[in-house]
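Quick note: numbers below take in every heavy atom, side chains included, and nothing from hydrogens, waters or symmetry partners. Counting starts at 1 for both ligands and their atoms, in listed order.
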Amino acid sequence: MCGIVGFSSRRHSAVGPLVNGLRRLEYRGYDSAGVALQSDGGIRVYKQTGKVGELEKLLKEKLPAAERDAFKMGIAHTRWATHGLPTAANAHPHVADGGRLALVHNGIIENYAALRAGLEKRGVAFASQTDTEVLAHLIAQFDKDDFLSAVTQALKQVEGTYGIAVMSMRHPGEMVVARKGSPLVIGIGEHETVVASDVSAIVAHTRQVIYLKDGDVALVTPDGVNVYTLDNAPVSRDVQEIEFDLGAVEKGGFDHFMLKEIHEQPEALRNTIRGRLDKTDGTAILSGLNLTPRELAAVRRLVIVGCGTSLHAGMVGKHYFESLADIPTSPEQAAEFRYSNPIISPDDWVIALSQSGETADTLAAVRESMRKGALVSGLCNVVGSTIAREVGRGVYLHAGPEISVASTKAFTAQVTALLMTALKLGRTRRLSREEGLRLVAEIERIPDLVGAVVARSNEIAAIAEKRCKAEDMFFIGRGVLYPTALEGALKVKEIAYLHAEGYQAAELKHGPIALLTEKTPVVALLADIPGKEKTVGNVQECRARNAPVVGVVTEGDEEAASHVDDAIFVPRTSEWVAPIVSVVALQLFAYHVARLRGCEIDQPRNLAKSVTVE
Ligand code: G6P
């Protein structure tokens, strides 16, 4: 969703770093972009609809290279429209005080209508339909001697969420940033400070960062940063080091981030697993959970909350926890869960699944569960993210930055981490050491098994070529492979703009089968695990209606392969690992279908990587 970059330097122009920073945030999904630049002469604002490339063209036209050096401080933004259409007027930065104050904002000001009415009564004229502009004018109302307190006074009137960066000609060289519910990171360089909603826009400048906490406000200058509470009391925040380098947020020779991230899976999974398998006792070592065997043994029910791909990973997790640890498990869509007045008891364990650790509904589900006294842990990829910090215990995926909007490596890492968690829980219950050791050996093989599927990319591309013109597709699977069917359909929807539905294999005949013709390919999950024969029966029902069938089939299972038009082969595994190898085949299938259809793969229309609004 929206992205923020701020830059303040003693030596360098802010123009290049701001535009490059926005480019690093492009993956989050947006529909307009803008920048405000400060020099001794005042603030200049440039805004444009469309991609950052359009903003660059505008800057080239309006801001000659020779003039750029004068602007050593600036703020920039990519907007994903919420209040008002994606127009240049609604794009950020928004200005107030006759153009002397400029602000960028992520999040939503919920009481903006009341605040706007109040400001209009006082004669303030608005130039946009956004909630953000209200905040710019509100700060301007208080902006006299002390910039920081002008911002905090305004923020105290705001209900909702925000990550902001603001600058004012009344306080040249100062930038104030603040966060509540929307991430903000400050990079400390040499005589320059970089602010961003995401570390990927910072790592090109410095790896020393401060992650602001909710309720923090910071005064930023080229020489560093001072952090305060909303009551202007100084607080100290640790400087941390970003774990990855610039290469992790670049395409590295691949056509798309999505393809790069699919290929990175063996390595990402090695990192997820590293140091977490106990080969003596046949269990998993997940010290971030910080739970004693006694506490683990006391868990009576598991609830897994998440959205999108993370929800699908949670649905796979249900099979693991119920089969390996005998614990009833409900995967819940986080928004539905948070508003359902959920019944939670103290022996419930709620696991929040989120790649970004920022998804608004998942975060709210976490807070609701904590409020009701559940044990809550996180399973996040982004280190220092809001969910990870609020729950204070959990398992990091260590899958590295995921840039493509369509999630791939985070999914397989989540499922692998859930399998390790189920192993650990299982070993506090009925799972024997021998069974545990077998599972440990199997988990160790996951990276190589996944690598074997990735190596089939060309074969999968050839199958995708045959089916890429379809406008509807069905994905079917049963048991532990049903969530994989949902995930396959989601991938195709997200990046190939093709109508696709995931169904339990048996459910297809209760309605959807009426839609099957020779134009509706069915992708069937046929890995050789319990239940496969029954899915083969469902495949026959599809073929009897002339639907072409693509099967994801275990290598060597010629019998299953003989029932489908095209087979994508995956290595033989236990039922626990089958969803992981099968989903990689579907990721590649979706990728190639989208590529052949000429779709924008890394930034699909209307989608955002991290959904920080409800
Ligand atoms: C968005 C993304 C999906 C992601 C979902 C949940 O919809 O486009 O790829 O699965 O949010 O995100 P999270 O960061 O919580 O896993």
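Ligand 1 places these atoms under 4.0 Å from at least one heavy atom of K609: 1 (C), 2 (C), 11 (O). Each of the atoms 10 (O), 13 (P), 16 (O) of ligand 1 lies under 4.0 Å from some heavy atom of S310. Taking every heavy atom of S407 and a limit of under 4.0 angstrom, the matching atoms of ligand 1 come to 9 (O).
Atom 5 (C) of ligand 1 has its closest protein heavy atom at C307 O, 3.9 Å. For atom 14 (O) of ligand 1, the closest non-hydrogen atom of the protein is S356 OG, 2.6 Å. Regarding atom 12 (O) of ligand 1, its nearest protein heavy-atom neighbour is T359 OG1, 3.3 Å.
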Give the intermediate values and the outcome of side-chain contact (heavy atoms from CB on, under 4.5 Å) for residues L526 and V552. CA-CA 5 Å; L526 293 171; V552 178; over 6 Å; no
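Contact annotation: for V611 versus ligand 1, heavy atoms closer than 4.0 Å belong to the side chain alone. Residue contacts with ligand 1, taken as heavy atom pairs separated by less than 4.0 Å, involve A608 solely via the backbone atoms N, CA, C and O.
Checked against V366 for a side chain to side chain contact (heavy atoms under 4.5 Å, CB included), the options I351, D361, I387 give a single hit: I387.
Among V405, T408, V305, the residue whose heavy atom lies nearest to atom 9 (O) of ligand 1 is V405.
Cation-pi geometry between R179 and Y162 is not met at under 6.0 angstrom from the ring centre and within 45 degrees of the axis. Remark: K51 qualifies as a cation-pi partner of Y30 under the 6.0 Å distance and 45° angle criteria applied to the six-membered ring.
Between E56 and Q48 there is no side-chain heavy-atom pair separated by less than 4.5 Å.
Of the N or O atoms in T309, one or more lie within a sub-3.5 Å distance of an N or O in ligand 1.
Distance alone, capped at 3.5 Å, is enough to place a donor-acceptor pair between the E402 side chain and the K409 backbone. Judged by distance alone, the side chain of H77 and the main-chain N or O of H105 form a donor-acceptor pair under 3.5 Å.
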